[in-house]
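What follows is a short report on a single structure.
Given the structure is predicted, the values throughout are model-derived calculations rather than measurements.
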Amino acid sequence: MKSIIGALASFLFTLTSWSQLSGDVVDDKRKMTSDKSFVLEGNHNGKIAFNISVNAKGEISGIKILEGETTIKSTPSKIKARNYVSKFKFEPGTWFPKHHQGKIVITMVEPK
């Protein structure tokens, strides 16, 4: 019985770590208003993680690549993903923090 509970707890922990959007924006239930995918076609396969800051208008006002969580080393691919993420929009509101923090993970795939 303990092994089943341990396996379930491990599965739930792993499931939450696969989330594409996390941080305060998710904890405060701020919704994305743009209908963008977290998968982007590019020249490489892998993941690119970003710390983001969202302003009161719901626009992304700051983006920083998290090198330690990124598997793609290509600078042009990182720039392409950064430009893509900069177009994401969130629910506007003055009741959210001035610089609402979050993390977005983009999965880049090569076209077939």
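No single ILVMFWY cluster, assembled from side-chain heavy atoms under 4.5 Å apart, contains both Leu66 and Ile72. Ile79 and Tyr84 end up in different hydrophobic clusters when Ile, Leu, Val, Met, Phe, Trp and Tyr side chains are linked at under 4.5 Å. Residue Val39 is not grouped with residue Met32 when hydrophobic side chains (ILVMFWY) are merged at heavy-atom distances under 4.5 angstrom, including chains of intermediate members.
Residue Trp95 belongs to a hydrophobic cluster whose other members are Phe96, with links defined by side-chain heavy atoms closer than 4.5 Å. Hydrophobic clustering, defined by side-chain heavy atoms of Ile, Leu, Val, Met, Phe, Trp and Tyr closer than 4.5 Å, leaves Val105 isolated from every other such residue.
For Ser86, the side-chain contact (heavy atoms from CB on, under 4.5 Å) partners two or more places apart in sequence, or in a different chain, are Ile63. The side chain to side chain donor-acceptor pair (under 3.5 Å) check on Ser74 picks up Ser77, with sequence neighbours excluded. Listed by chain and number, the residues in a salt bridge (Lys or Arg N to Asp or Glu O under 4.0 Å) with Glu59 amount to none (sequence neighbours excluded). In terms of the side chain to side chain donor-acceptor pair (under 3.5 Å) criterion, residue partners of Ser53 (sequence neighbours excluded) are, by chain and number, Gln101. Every residue meeting the side chain to side chain donor-acceptor pair (under 3.5 Å) condition with Asp28, not counting sequence neighbours, appears here in chain and number order: His100. Looking at residues two or more places apart in sequence or on another chain, you find no side-chain contact (heavy atoms from CB on, under 4.5 Å) involving Pro92.
Screening residues 76-98 for salt bridge (Lys or Arg N to Asp or Glu O under 4.0 Å) gives Glu67-Lys78 as the qualifying pairs, with residues at least two apart or on separate chains. For residues 103-112, the set of pairs meeting the salt bridge (Lys or Arg N to Asp or Glu O under 4.0 Å) definition, not counting sequence neighbours, comprises Glu69-Lys103. Applying the ring pair (Phe, Tyr, Trp, His ring centres under 6.0 Å) test to pairs two or more places apart or on separate chains, those with a residue in residues 26-61 are Phe38-Phe88.
No side-chain heavy atom of Phe90 sits under 4.5 Å from any side-chain heavy atom of Asn55. Under the 4.5 Å side-chain criterion, counting only non-hydrogen atoms from C-beta, Asn45 is not in contact with Met108. Residues Ile106 and Val85 meet the side-chain proximity criterion, which asks for heavy atoms closer than 4.5 Å.
The distance from atom CD1 of Ile48 to atom CD1 of Ile104, rounded to the nearest 0.5 Å, is 12.5 Å.
The backbone N or O of Lys47 lies less than 3.5 Å from a partner atom in the side chain of Thr71, making a donor-acceptor pair.
Contact record, Gly42 with Pro111: O-CD, 3.2 Å, taken as the closest heavy-atom pair.
Around NZ of Lys36, the count of heavy atoms belonging to other residues, nucleotides or ligands within 6.0 Å exceeds 12.
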| task | Take Leu40 and Thr107 through the test side chain to side chain contact (heavy atoms under 4.5 Å, CB included) and record every step on the way to the result. | result | CA-CA 6 Å; Leu40 178 65; Thr107 302; over 6 Å; no
| Is there a side chain to side chain contact (heavy atoms under 4.5 Å, CB included) between Ile65 and Thr70 once you walk through the steps? | CA-CA 8 Å; Ile65 294 177; Thr70 298; 3.8 Å; yes
